Amino acid sequence: MTATVTAPTPVPEDSRLKDTWLRRQLLTLAVVFVLVALLPLALGEQAQTVAVRTLIFAIMAVAWNIMSGFGGMFSFGHAAFFGIGAYTGAYLLVDHGISPWVSMVLAAAIAATVGTLLAYLCLRYRLAGSYFALATFAFAQMFLLLVQNLEVFHKTEGFNVPILPRDSWWMLQFEKGSPNYIWIPLVILTLAVLGTIFYVRSRPGQFVQAVRDDATAAASLGINTMKYRLIAVAASCALTAVAGVYYTQYYFFVGPEQAFGSAVSVEAIVPAVIGGIGTIWGPVLGAAVIGPLSEVINDFMRNPPAFLDFLGGTIGLDVATYSIILILIVIFLPKGIFGTIRERWFR
């Protein structure tokens with residue numbers, strides 16, 4: 001007689017604790033949404049650009065965290081999925097006049113399909129840890145070389161998005177400095193965080209975290225490890241592609257390096273690591289710190305106080321300062337800003 005192994009039933013949880021946790025998360029999300037939505041009323045044009053870039057970083061970090069934080073599959077190639085979104089939006093708009101809203105849906109589907117296929121092949125042949133990370137990095141580099149040599153994607157010249165003479169919600173173009181440029185990515189980020197909140201409490205979210213912690217034990221209990229990992233990958237890649245579409249629409253230009261360069265993957269990883277991997281609010285908090293940080297450092301280096309005048313004009317000092325600050329955060333806050341604060345709060 002053959003024994004049948006079935007997926008384990010989740011451990012019963014006190015519904016009052018679960019409801020309290022959920023209410024607290026939703027209330028926090030609502031408060032953050034309102035506060036950020038009011039920012040355009042107080043920000044200048046340059047500050048608005050920083051805010052938009054920060055929101056794009058946050059969306060990418062939340063997406064990366066779903067796959068690498070909760071799923072445990074460290075990706076160093078999220079530029080591939082960001083680039084798929086950026087180039088899909090640019091190509092469809094410039095060559096076919098298709099709205100970025102439509103492009104977001106198509107790019108999300110394409111990125112989810114490509115990412116799932118890549119992850120399946122890696123997991124099928126037991127690539128894990130650093131090998132998995134290297135595979136994702138190689139995949140992003142392959143896309144970079146591909147678009148640089150294809151005429152359909154304008155090779156190294158990239159795409160310039162035509163600017164319309166009037167505002168258009170359908171084409172996501174507004175007057176320079178319009179608060180819509182902040183509100184749209186804010187809504188996308190809010191939906192991403194909301195989805196993450198419900199995902200981590202759902203059956204797939206609980207199972208993928210169990211697989212992350214001990215894949216062998218999870219499999220022995222009947223959890224389909226491949227299935228739940230691929231769900232996390234698909235969600236992560238789709239959300240990253242949406243961020244890529246909006247990036248192209250906001251900056252009116254995208255080229256190979258802006259879409260598929262290794263720096264793009266770093267921009268997805270750093271906020272999550274600094275904020276706290278495997279937490280809901282860590283990537284958002286990390287992006288809120290990292291986004292304005294480089295701008296603050298650049299302003300400081302351009303206009304140093306009198307006693308630091310000798311630093312003015314020093315090439316690369318801003319990058320060195322930025323790197324040192326990140327290193328200090330990692331050393332003294334090893335679980336990230338949010339993770340460390342949460343740990344000390346409960347302690």
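Below, each value reflects all heavy atoms present in this structure, side chains not excepted, and no hydrogens, waters or symmetry copies. Please read these numbers as outputs of a predicted model, since none were measured by experiment.
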Please examine the side chains of [Y] and [X], heavy atoms only from C-beta on, and report whether any two atoms are closer than 4.5 Å.
| X | Y | result |
| --- | --- | --- |
| Val254 | Phe260 | no |
| Val242 | Ile188 | yes |
| Arg229 | Val211 | yes |

Next item on the list: List in chain and number order the residues that pass ring pair (Phe, Tyr, Trp, His ring centres under 6.0 Å) with Tyr181, two or more places apart in sequence or in another chain; answer none if no residue qualifies.
Entry: Phe174, Tyr250
Item checked: Set of ring pair (Phe, Tyr, Trp, His ring centres under 6.0 Å) partners for Tyr247, sequence neighbours left out -> Phe82, Tyr251
Notebook entry, point to check: Rest of the hydrophobic cluster containing Leu328 (Ile/Leu/Val/Met/Phe/Trp/Tyr, side-chain heavy atoms under 4.5 Å)?
Noted result: Ile324, Ile327, Ile331, Phe332
Notebook entry, point to check: Glu151: what forms a salt bridge (charged side-chain N to carboxylate O under 4.0 Å, His left out) with it, not counting sequence neighbours?
Noted result: Lys155
Checklist line | Set of residues satisfying salt bridge (charged side-chain N to carboxylate O under 4.0 Å, His left out) with respect to Glu257, sequence neighbours excluded | finding: none
Note to self: Does Phe252, at its CZ atom, have more than 12 non-hydrogen atoms belonging to other residues, nucleotides or ligands within less than 6.0 Å?
What the structure shows: yes
Hey, does the side chain of [X] reach the backbone of [Y] with a donor-acceptor pair shorter than 3.5 angstrom?
| X | Y | answer |
| --- | --- | --- |
| Gln206 | Val200 | yes |
| Thr136 | Ser75 | no |
| Ser202 | Tyr199 | yes |

Next item on the list: With sequence neighbours left out, write down each residue that passes side chain to side chain contact (heavy atoms under 4.5 Å, CB included) with Ile182, or none if nothing qualifies.
Entry: Pro40, Leu43, Gln48, Ala51, Val52, Leu55
Item checked: For Phe137, side chain to side chain contact (heavy atoms under 4.5 Å, CB included) partners two or more places apart -> Phe76, Gln141, Ser262
Output side-chain donor-acceptor pairs under 3.5 Å for residues 109-121, partner residues at least two apart or in another chain, one line each.
from   : atom 1 : to     : atom 2 : distance (Å)
Thr113 : OG1    : Ala109 : O      : 2.8
Thr116 : OG1    : Ala112 : O      : 2.6

For [range], which residue pairs qualify under salt bridge (Lys or Arg N to Asp or Glu O under 4.0 Å), counting only residues two or more places apart or in two chains?
| range | value |
| --- | --- |
| residues 325-336 | Lys335-Glu343 |
| residues 275-293 | none |
| residues 171-181 | Glu45-Lys176 |

Check: Stepwise, does the side-chain hydrogen bond (donor to acceptor under 3.5 Å, both in side chains) test hold for His78 with Ser236?
Finding: CA-CA 9 Å; His78 255 50; Ser236 176; 2.8 Å; yes
Margin query: Please list all pairs meeting side chain to side chain donor-acceptor pair (under 3.5 Å) that have one or both residues in residues 86-101, counting only residues at least two apart or in different chains.
Written below: Tyr91-His96
Check: Hey, what do you get for OG (Ser178) to CD1 (Ile184), rounding to the nearest 0.5 Å?
Finding: 8.0 Å
